[in-house]
Amino acid sequence: ERELRTVARRAAGSIDARAALAALYYSQGKVDEAEASWNFACESINSGILEGSNVALDGCTQYRDIDWLSRIRRWPPSMVRRMDDFLNLRSVNVSTQ
């Protein structure tokens, strides 16, 4: 967790780090922190993707695709599972994470 927070702080525009933090926080039962990290990634970071003539700020679109996280971003399976749990608002057993 500490490393991800450091990356998110040093690379403030890293959607990857913020999305990973959201998944990690959620798996730890820190729902408010998870939502804050996710919302920052989705609403405050310019992904560079263009929609029409405007820049899209929803950089989280691809992070909602579990297959993309696994195959393209090459997230570890444990983090892919955590993101899937977060996106589907599944209950997690905090003591086993």
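Note on Tyr63 and Ile66: same hydrophobic cluster, where clusters join Ile, Leu, Val, Met, Phe, Trp and Tyr whose side-chain heavy atoms are under 4.5 Å apart, directly or indirectly.
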Quick one: side chains of residues 70-77, donor-acceptor pairs under 3.5 Å with protein atoms, not counting sequence neighbours, listed by atom name and distance.
unit_1, atom_1, unit_2, atom_2, d
Arg71, NE, Asp67, OD1, 3.1
Arg71, NE, Asp67, OD2, 2.9
Arg71, NH2, Asp67, OD2, 3.2
Arg73, NE, Asp16, OD1, 3.3
Arg73, NH2, Asp16, OD2, 3.3
Trp75, NE1, Asp16, OD1, 3.1

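To the nearest 0.5 Å, the span separating CD on Glu3 from OG1 on Thr6 amounts to 7.5 Å. Annotation: the span from Cys42 atom SG to Arg18 atom CZ amounts to 11.5 Å, rounded to 0.5 Å. Atoms CG and CZ, from Leu69 and Arg82 in turn, are 13.5 Å apart once rounded to the nearest 0.5 Å. Atoms OG and CZ, on Ser27 and Arg81 in that order, are 10.5 Å from each other to the nearest 0.5 Å. One finds the CZ atom of Arg64 at 9.5 Å from the CZ atom of Phe86 (value rounded to the nearest 0.5 Å). In this structure, Ser14 OG and Leu21 CG are separated by 9.0 Å, a value rounded to the nearest 0.5 Å.
Looking at Arg90 and Asp84, their side chains come closer than 4.5 Å, going by heavy atoms from C-beta outward.
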Any chance you could lay out the side-chain contact (heavy atoms from CB on, under 4.5 Å) test for Arg5 and Tyr25, step after step, and finish with the verdict? CA-CA 11 Å; Arg5 282 188 309 197; Tyr25 285 150; 3.4 Å; yes
Tell me, with the steps shown, if Leu89 and Tyr26 meet side-chain contact (heavy atoms from CB on, under 4.5 Å). CA-CA 9 Å; Leu89 298 176; Tyr26 187 78; 4.1 Å; yes
Hey, mind stepping through Trp38 and Leu87 against side-chain contact (heavy atoms from CB on, under 4.5 Å) and telling me if it holds? CA-CA 10 Å; Trp38 181 255; Leu87 293 173; 3.9 Å; yes
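Of all non-hydrogen atoms in Ala34 and Ala22, the two that sit nearest each other are CB-O, 3.3 Å. Taking all atoms of both residues into account, the shortest heavy-atom contact from Ala41 to Cys60 is C-SG, 3.7 Å. A pairwise comparison of heavy atoms in Ala20 and Met79 identifies O-CE, 3.4 Å as the closest pair.
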